[in-house]
Amino acid sequence: MLLIYIRRLVNNFIKDLSDFLFDFTDFLESNKFISPINKKQISIDYSSNNKQGDLATNFYLVVKRKIINENFNIEKELNDRIKSIEFIDHFVVSKNGFINFFLKDKFVLRSLKEIYGKNFLNYINYGAGKKINVEFVSANPTGPLHIAHIRGAVFGDVLSSLYTKTGFDVTREYYVNDAGSQIDKLSNSLLKRYLQLFNKKIELEEDEYPGEYLINIAKKIKNEDGDKWLNFQQEETIQYFKNFALKNILLSIKTDLELINIRFDKFTHESEIEKSKIIDELFSILDKKKLLYQGILEKPKGDDSDWEPREQLLFRSSKLLDNEDRALKKSNGEWTYFANDAAYHLDKCKRNFDRLVNIWGSDHIGYIPRMNSLIKAIKDDETYLNILTCQIVSLIQNKQKIKMSKRSGNFVTLSNVHSKVGKDPIRYYMISTKNETAIDFDLDAVVEKNKDNKVFYCQYAHARASSVINKAKELGIKIKNDYNFSTIQNLSDEEVKLIKKLICYPYLLYQSSYYNEPHRLINYLEEISSDFHSIWNKGKDNESLRFIDEKNAEKTISKIFWLESFRVVLKDIFSIIDISSPETM
RNA sequence: GCGCCUGUAGCUCAAUUGGAUAGAGCGUAUGACUACGGAUCAUAAGGUUAGGAGUUCGACUCUUCUCAGGCGCGCCA
């Protein structure tokens, strides 16, 4: 439940109205007209349907059950008192008990002027300059980015922009898992590909990396060094191939991400964490809190065919937020992946962020409790780390799911999809649904017919609006800086309705940021775009409804004014999701 | 077996975090351009929100059970 005290940060209407209702509640309580109520149950919202009013509250519904004195007329008292709020024109109580408030026009227009002037942050400086670290993508550098990574990439990037927009100081970070046995397998695979180029009869093992990209990297080594590595010592060769593979693959990952405008402020390498002393520091922290011990984990309930009891260094996470303890050392004494990742998180904690956000794929969900446990152990703050997950993206082609497997080396890469679709549709679709919903991405629908693409629908609205504004400029119609837009009489009901949606924009920004839900931007974007297209077409049937009326300058200016404001909002959303805002298409 | 996520129109997804008559696009049917840009608009058909029970003024939303799908389940990363 969203509490009023949070909402007040956002919009003066809601703040003032909630203050008023709280005072009124105090009055009712202190005079024993009602028994005490929990004020947190009272909500104020923008109305979903403007016919019902502009702001709505469930005030009566909450108060109704608490009435003690039946003789006191609450509605009449409210009616008398409401006159003290200058922006409220009147209110209506609906059959089911909602109070619907109607705003005075001049206050709606005053808010619109704020939008026109791009004063969003005046309302929504909710981050207040706090430092926030967003770790996302963090794909293993063992191959190119594939479709499953794109969603987390775009989600993390847009969420970061949204945080920035709402007043946070954001660091985008990528954790490079360049240590451990998978990387050894990678370099072995690369070496084998290299040897194959010299017709050596050597095959990849089942669990090695069969993708074609390694053949290309092997060719690169051959081009540079020829057969130099055929005769070198094993250890030196492997080391060289490891570095070469990591360097090339990481570069290709960065290049791919650039295709969709994703850049990071910081890359942290697991190999550096491993070398640093941060792990020792972590262990002493955990040890002091008596959260470390040597022990044997219980036999798992699932597949236990090759289970055998092993004594390992364990983290007592079950004392915190996990349902079992977790290994920090392998039985051979090496650190586990979790140990390194835990140390990395300690490192992040020490960098003085006010908040950490991790974006993980759904296949890591089972990992969340142990990381939360770790942060609790370090910071003793359960809200400090926010782990958000993205469900999978299935690629659809020819109406069938494309099966991808690492083993066969068959997967659709980011650059592959990008070359077919382009940046804007990828970003738009990846962010248009809730991150926790699994989505189907239909390549054919996006590639074949552009007009089925909602991203173009919204961009087209921007282009059309720009077209009108440019036309107006050609006709010498200009809005002065001190323009006083004080009447809605020149506007249709539909236009007023859209204006009222536009003035909610700062609130929407705040909500999307607060709930970590950038997809709300898309819902809103499509809604106002649709409203706009509808208004546009009304002007085709009825000339008096067109934006530009050369015989009526004042009317035209009113319309251009809200149209400019509309364009400001579109452009702002486009900039957050980072797609272009074309003036022509 | 256990944990987490999901189940909404034929398909792909929303639903102001517990609010009012559950909404869009695609697809289907019909209609609208000598224009401020048809990549658009208008109208219609399509729903027991997987199913049962509960919580309350009110449930797609919360609780519980059942069914179905996805992900994960000691040293991989």
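Since the structure is predicted, the reported quantities are computational estimates derived from the model, not experimental observations. Numbers restart at 1 for each chain; the letters A, B, ... are given by sequence-line order, proteins then strands. Reckoned from all heavy atoms, side chains included, excluding hydrogens, waters and symmetry mates.
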Using side-chain heavy atoms (C-beta onward) and a distance below 4.5 Å, is [X] in contact with [Y]?
| X | Y | value |
| --- | --- | --- |
| A:Thr389 | A:His364 | no |
| A:Glu382 | A:Asn372 | no |
| A:Thr437 | A:Gln391 | no |

How close or far is atom [atom2] of [N] from atom [atom1] of [X], stated in whole angstroms?
| X | N | atom1 | atom2 | answer |
| --- | --- | --- | --- | --- |
| A:Phe59 | B:rG19 | CZ | C1' | 17 Å |
| A:Gln459 | B:rG37 | CD | C1' | 15 Å |
| A:Asn453 | B:rC26 | CG | C1' | 12 Å |
| A:Phe547 | B:rG37 | CZ | C1' | 12 Å |
| A:Asp363 | B:rG72 | CG | P | 6 Å |
| A:Ile368 | B:rC71 | CD1 | C1' | 11 Å |
| A:Glu526 | B:rA15 | CD | P | 12 Å |
| A:Lys329 | B:rC76 | NZ | P | 14 Å |

Does A:Tyr367 lie flat on the base of B:rG72, that is, centres under 5.5 Å apart and planes under 30° off?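 Stack criterion not met.
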
If you measure from the ring centre of A:His533 to the centre of the six-membered ring in the base of B:rA39, is it under 5.5 Å, with the planes under 30° apart? no

Below 3.5 Å is the cut-off: list the nitrogen or oxygen pairs between protein and nucleotides 12-14 of chain B, distance only.
| residue | atom | partner | partner atom | Å |
| --- | --- | --- | --- | --- |
| B:rU12 | OP1 | A:Asp440 | OD2 | 3.4 |
| B:rC13 | OP1 | A:Ala438 | O | 3.4 |
| B:rC13 | OP1 | A:Asp440 | N | 2.4 |
| B:rA14 | OP1 | A:Lys434 | N | 2.7 |
| B:rA14 | OP1 | A:Thr437 | OG1 | 3.4 |
| B:rA14 | O3' | A:Asn523 | OD1 | 3.4 |
| B:rA14 | O2' | A:Asn523 | OD1 | 2.9 |
| B:rA14 | O2' | A:Asn523 | ND2 | 3.1 |

Reading RNA chain B from 5' onward, which residue's closest nucleotide shows up sooner: A:Ser94 or A:Ser530?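 By nearest-heavy-atom nucleotide position, the 5'-most residue is A:Ser94.
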
Between A:Gly180 and A:Pro309, who's closer to the 5' end of RNA chain B by nearest nucleotide? A:Pro309

Can you check nucleotides 54-58 of chain B for protein contacts, nitrogen or oxygen pairs under 3.5 Å, and list what you find?
| residue | atom | partner | partner atom | Å |
| --- | --- | --- | --- | --- |
| B:rC57 | OP1 | A:Arg65 | NE | 2.9 |
| B:rC57 | OP1 | A:Arg65 | NH1 | 2.4 |

Is the distance between the ring centroids of [X] and [Y] less than 6.0 Å?
| X | Y | answer |
| --- | --- | --- |
| A:Tyr60 | A:Phe98 | no |
| A:His533 | A:Tyr460 | yes |
| A:Tyr507 | A:Tyr46 | yes |
| A:Phe532 | A:Phe566 | yes |

Residue pairs involving residues 425-437 of chain A (criterion salt bridge (charged side-chain N to carboxylate O under 4.0 Å, His left out); sequence neighbours excluded): A:Asp157-A:Arg427

Given the [atom1] atoms of [N] and [M], what is the spacing between them in whole Å?
| N | M | atom1 | value |
| --- | --- | --- | --- |
| B:rA14 | B:rU55 | P | 31 Å |
| B:rA59 | B:rU21 | P | 10 Å |
| B:rG25 | B:rA45 | P | 15 Å |
| B:rU63 | B:rU28 | P | 41 Å |
| B:rC26 | B:rC62 | C1' | 34 Å |
| B:rA50 | B:rG10 | P | 13 Å |
| B:rC73 | B:rA77 | P | 13 Å |
| B:rG19 | B:rA9 | C1' | 23 Å |

Heavy atoms under 4.0 Å, any strand shown: does [X] hit a base, just sugar-phosphate, or nothing?
| X | value |
| --- | --- |
| A:Thr389 | nothing |
| A:Gln312 | sugar-phosphate |
| A:Arg326 | nothing |
| A:Ser534 | sugar-phosphate |
| A:Ala56 | base |
| A:Phe98 | base |

Who pairs with [N] - Watson-Crick or G-U, where each distance is under 3.5 Å:
| N | answer |
| --- | --- |
| B:rC67 | B:rG7 |
| B:rU49 | none |
| B:rU40 | B:rA32 |
| B:rA24 | B:rU12 |
| B:rC2 | B:rG72 |
| B:rG54 | B:rC62 |

Less than 3.5 Å apart, any donor N or O on the side chain of A:Trp335 or A:Glu274 sitting next to an acceptor on the other? no

With respect to the side chain of [X], which nucleotide from [options] is positioned closest?
| X | options | value |
| --- | --- | --- |
| A:Trp536 | B:rU40, B:rA77, B:rG37 | B:rG37 |
| A:Glu436 | B:rA77, B:rC71, B:rC5 | B:rC5 |
| A:Arg464 | B:rU40, B:rU16, B:rA77 | B:rU40 |

Under 6.0 Å from the ring centre and within 45 degrees of the ring axis: does the NZ or CZ of A:Arg316 meet both conditions for the six-membered ring of A:Tyr293? yes

Ignoring backbone atoms, establish whether A:Tyr460 has a side-chain N or O less than 4.0 Å from OP1 or OP2 of B:rA39. yes

Just N and O in the side chain of A:Ser362: are any of them under 4.0 Å from OP1 or OP2 of B:rC71? no

Side chain of A:Ser580, backbone of A:Pro582: donor and acceptor closer than 3.5 Å?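 Here the side-chain-to-backbone pair does not exist.
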
Under the 3.5 angstrom rule, does the side chain of A:Ser534 hit a backbone N or O of A:Ser530 as a donor-acceptor pair? no

So, does the side chain of A:Asn100 form a donor-acceptor pair with the base of B:rA20 at under 3.5 Å? yes

Please determine whether side chain to side chain donor-acceptor pair (under 3.5 Å) holds for the pair A:Asp549 and A:Ser544, giving the CA-CA distance in whole Å, both sets of side-chain angles, and the decisive distance to 0.1 Å. CA-CA 7 Å; A:Asp549 182 347; A:Ser544 72; over 6 Å; no

